[in-house]
Amino acid sequence: MASIDEVSNYLAKRIAEVLYPAGVNASSIVTAPIKIYPGWPVPGALQPDMDAGVVHVSVWPLPTERKVTTPLGRPFRRMALSGDVAGQAVRELKRQIKDFQITVWAPTPPLRNTVGTVIDTALTEQCHIDLRDGAPAQMFYARQFDSDAAENWHVYRRDLIFSVNYATTQAISAPEVTEIAVTVNSHNLRH
């Protein structure tokens, strides 16, 4: 079942893949270490990291949300769930478009610009996303802006807003069809 948490975790994982192309145990695309996480940074941890040259990237669900009345696919579908259980299907209960704010917190404008541009390019090119429940989901670029309001504390920020159209789903029982019988003119035909 897709949720705000699952979309936030998906975005954080995708961002980590592009900022650490060789894996998180290797170097990032910039000379600085980058912390990527769903949620908002803890103010007490942010400033010491900025002073140490560490970049933060946070993924935050905004309160804006719109209900979507048109499904992207069939309302019931057989899907491979984690642990793929035979006889299960997924039913789409509702669909929403939710805005997510990806914020780059950097100690310098060049680090903010490089990291922000790479994230923007990677997420903008990926319209269709795969969440765990298998229901179709789409992501669209909405807007972005820079903020140097905290430059006295050496925090340079870029906010990227992406809208994600995803379904809230429910796993339901769906017995598998193992045999089809058709009667034509009193004769049983089996497949």
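Interatomic distance, CZ of R158 versus OG1 of T114, reported as 9.0 Å (0.5 Å rounding). Distance check, rounded to the nearest 0.5 Å: OH of Y166 to NZ of K94 gives 7.0 Å. Summarising the geometry, atom CD belonging to Q96 is positioned 12.0 Å from atom OG1 belonging to T64; distances are rounded to the nearest 0.5 Å. To the nearest 0.5 angstrom, S58 atom OG is 9.0 Å from L46 atom CG. One finds the CZ atom of R132 at 7.0 Å from the OG atom of S3 (value rounded to the nearest 0.5 Å). Once rounded to the nearest 0.5 Å, the distance linking CH2 of W40 with CH2 of W105 reads 4.0 Å.
Follow the hydrophobic side-chain contacts under 4.5 Å out from W60 and you never reach Y10; the two are in separate clusters. By the criterion of side-chain heavy atoms lying less than 4.5 angstrom apart, applied directly or through intervening Ile, Leu, Val, Met, Phe, Trp or Tyr residues, V55 is grouped together with I102 in one hydrophobic cluster. A continuous path of ILVMFWY side-chain contacts below 4.5 Å connects I36 to M139, so both sit in one hydrophobic cluster. Residue F140 is not grouped with residue I129 when hydrophobic side chains (ILVMFWY) are merged at heavy-atom distances under 4.5 angstrom, including chains of intermediate members. In terms of hydrophobic clustering, with Ile, Leu, Val, Met, Phe, Trp and Tyr side chains grouped at heavy-atom distances under 4.5 Å, F162 and V68 are assigned to different clusters.
S163 approaches D99 most closely through the heavy-atom pair OG-OD1, 2.5 Å. Of all non-hydrogen atoms in A122 and V18, the two that sit nearest each other are CB-CG1, 3.5 Å. Taking all atoms of both residues into account, the shortest heavy-atom contact from S28 to A32 is OG-O, 2.7 Å. Nearest heavy-atom pair, R95 versus P136, reported as atom, atom and distance to 0.1 Å: NH2-O, 3.0 Å. Here the closest non-hydrogen pair linking S8 and P38 is CB-CB, 4.0 Å. R112 and S147 get closest at one heavy-atom pair: NH1-O, 4.0 Å.
With respect to N113, the side-chain contact (heavy atoms from CB on, under 4.5 Å) criterion is satisfied by exactly one of V104, T108, D146: D146.
Of the N and O atoms on the side chains of H56 and D49, at least one donor lies less than 3.5 Å from an acceptor on the other residue. Under 3.5 Å, the side chains of Q144 and D159 contain no donor-acceptor pair of N or O atoms.
Between V155 and P107 the shortest side-chain heavy-atom distance does not fall below 4.5 Å. K98 places a side-chain heavy atom less than 4.5 Å from the side chain of E65. Side chains of V54 and M50 form no contact here, defined as non-hydrogen atoms less than 4.5 Å apart. Side-chain atoms of V57 and L19, non-hydrogen and from C-beta on, do get closer than 4.5 Å to each other. Residues L93 and T169 are not in side-chain contact: their nearest non-hydrogen atoms beyond the backbone lie 4.5 Å or more apart. Residues I161 and F100 form no side-chain contact, since every pair of their non-hydrogen atoms from C-beta on lies 4.5 Å or further apart.
No side-chain donor-acceptor contact under 3.5 Å links D120 to the backbone of G116. Of the possible polar contacts, one joining the Y20 side chain to the I34 backbone as a donor-acceptor pair under 3.5 Å is found.
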### Query
Step by step, would you call V164 with I97 a side-chain contact (heavy atoms from CB on, under 4.5 Å)?
CA-CA 5 Å; V164 180; I97 297 176; over 6 Å; no
### Message
As a quick check of understanding, evaluate side-chain contact (heavy atoms from CB on, under 4.5 Å) for L123 and Y141, giving each step before the final call.
### Response
CA-CA 8 Å; L123 295 183; Y141 169 82; over 6 Å; no
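By the 4.0 Å N-to-carboxylate-O rule, D130 lies too far from R14 to be salt-bridged with it.
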